[in-house]
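Please read the structure below before turning to the comments.
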Amino acid sequence: MPELPEVETIARGVNKRIRGDRIVQVWFSRAPQTFKTPRKLQAEGLTGRTILAVHRTGKHIVFELSRSASEIDAQWIVHLGMTGRLLVSSPDFPVPAHTHARLFLESGRELRFVDPRRFGRLEFRDLNRRSAFAAPGDDPLAIGEPEFAALFRGRRSPIKAALLNQSLLAGVGNIYADESLFHSNIRPRRRANRLTRLELERLRLALCEVLNHAIRLGGSSVSDYVDADGERGFFQLEHCVYQRTGEPCRRCGTPIRRILLAGRGTHYCPNCQR
DNA sequence: CATTTCACCTGGTGGC
DNA sequence: TGCCACCAGGTGAAAT
């Protein structure tokens, strides 16, 4: 489900609702791929710890944890994959199918991780034994013009494939790659190293605007995405190309075209994007 | 190393 | 109603 705006929305919602709460008990499903750190270690690490803060890094949600309720000594890192959800629920609310984690909190509420396709991952880090989690790529909302341009120097892959590469930029996914390329008038198949400095700067600014706009609208609810409160986002109403194959371009009326690129459905306006 | 392809999963949709 | 093909917000391993 989730790219940067959806993950940001969820992290903010979870932080607002359970910051300061304490994990008193943990339940995990048996799906082995879900647990990047062995289930037993995660359960032991989480139980009894206080959640000091929750925030987003790239497409990851990071829980800052503490045994002493003051100094951060551990992290719980959640990646939602394609269909993952984090929900803060009352314990009597029915447990959805495909629930893989239930964190029972001191306040009586419950944090649930639900993930039908099981592409999501849960990881626990003891900061006394390992370094803190860091995204490999740069944050597209924080990077400046020269650093952004440098990322694509010498890259011969299509610009869209480079945008999806998380070790370059952390957080851009299929929707926002297509939308930002539309708003900067660039064809997804253009080789990254063939873009002019001016085009790259248009792309950087378009990315910032699209991502910030989407965050303001609570993300894109394409099929079943909901935030920590179960609320849908509204940015899907603003999509110009993503999943609008055959529909008229909002700017020029030309039918939106769909191609396959880097294994992903890719949408663009053949007239506006060059 | 850079790049591309594919497997990993379940569920929804639309055609016949 | 059933069956089948195809599609879906992501990524990491394997192949090229």
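Side chains included, hydrogens not; waters and symmetry mates left out as well; all remaining heavy atoms used. Here is how names work: the chains are called A, B, and so on, in the same order as the sequence lines, proteins then strands, and each is numbered from 1.
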Report the distance from atom [atom1] of [X] to atom [atom2] of [N], rounded to the nearest whole Å.
{"X": "I175(A)", "N": "dC7(C)", "atom1": "CD1", "atom2": "P", "answer": "17 Å"}
{"X": "R191(A)", "N": "dA2(B)", "atom1": "CZ", "atom2": "P", "answer": "16 Å"}
{"X": "K59(A)", "N": "dG12(C)", "atom1": "NZ", "atom2": "C1'", "answer": "13 Å"}
{"X": "K36(A)", "N": "dA13(C)", "atom1": "NZ", "atom2": "C1'", "answer": "14 Å"}
{"X": "L261(A)", "N": "dG10(C)", "atom1": "CG", "atom2": "C1'", "answer": "16 Å"}
{"X": "R121(A)", "N": "dG12(C)", "atom1": "CZ", "atom2": "P", "answer": "8 Å"}
{"X": "L80(A)", "N": "dC9(B)", "atom1": "CG", "atom2": "P", "answer": "19 Å"}
{"X": "I10(A)", "N": "dG10(C)", "atom1": "CD1", "atom2": "P", "answer": "12 Å"}

What do you reckon, is CZ of R67(A) surrounded by more than 12 foreign heavy atoms closer than 6.0 Å?
yes

For L237(A), I'd like to know if atom CG has over 12 heavy atoms of other residues, nucleotides or ligands within 6.0 Å.
yes

Quantified in whole Å, what is the C1' atom distance between nucleotide dT11(C) and nucleotide dG12(B)?
23 Å

Pick the P atom in dC9(B) and in dC3(C), then give their distance to the nearest Å.
24 Å

Has [X] got a side-chain N or O lying under 4.0 Å from the OP1 or OP2 atom of [N]?
{"X": "R118(A)", "N": "dT10(B)", "value": "yes"}
{"X": "H98(A)", "N": "dC9(B)", "value": "no"}
{"X": "R258(A)", "N": "dA8(C)", "value": "yes"}
{"X": "H79(A)", "N": "dT11(C)", "value": "yes"}

Of all residues at least two apart in sequence or in a different chain, which pass the salt bridge (charged side-chain N to carboxylate O under 4.0 Å, His left out) check with K36(A)?
E123(A)

Ring centroid separation F28(A) to H100(A) under 6.0 Å
no

Taking atom types as modelled, find out whether D73(A) and S66(A) have a side-chain donor-acceptor pair closer than 3.5 angstrom.
no

Quick check: any donor-acceptor pair below 3.5 Å linking the side-chain of R264(A) to the base of dA8(C)?
no

Could you check whether the side chain of R117(A) and the base of dC9(B) have a donor-acceptor pair of N or O atoms closer than 3.5 Å, going by distance alone?
yes

Under 4.0 Å between any heavy atoms, over every strand shown, what does [X] touch: base, sugar-phosphate, or nothing? Just pick one.
{"X": "Y242(A)", "value": "sugar-phosphate"}
{"X": "T245(A)", "value": "nothing"}
{"X": "R156(A)", "value": "sugar-phosphate"}
{"X": "P136(A)", "value": "nothing"}

Test salt bridge (charged side-chain N to carboxylate O under 4.0 Å, His left out) applied to R197(A) and E201(A), step by step
CA-CA 6 Å; R197(A) 190 93 186 217; E201(A) 181 59 357; over 6 Å; no

Pairing residues for F235(A) by the ring-ring contact (aromatic ring centres under 6.0 Å, His included) criterion, not counting sequence neighbours:
Y176(A), H213(A), H239(A)

Not counting sequence neighbours, which residues clear ring-ring contact (aromatic ring centres under 6.0 Å, His included) with F104(A)? List them please.
none

Check each residue of residues 160-173 of chain A for a non-hydrogen atom within less than 4.0 Å of any atom in DNA chain C, then write out the ones that pass by number, or none.
Q166(A), G173(A)

Is_stacked (F119(A), dT11(C)) at 5.5 Å, 30 deg
no

Are V26(A) and W76(A) connected in the hydrophobic side-chain network, where two residues link if heavy atoms are under 4.5 Å apart?
yes

Work out which heavy atom in G154(A) is nearest to a heavy atom in N193(A); give both atom names and the distance.
N-CB, 3.8 Å

Which nucleotides of DNA chain B pair, in dot-bracket form (Watson-Crick or G-U under 3.5 Å, | meaning another strand)
.|||||||.|||||||

By the side chain to side chain donor-acceptor pair (under 3.5 Å) test, which pairs, at least two apart or in different chains, include something from residues 249-259 of chain A?
N185(A)-R251(A)

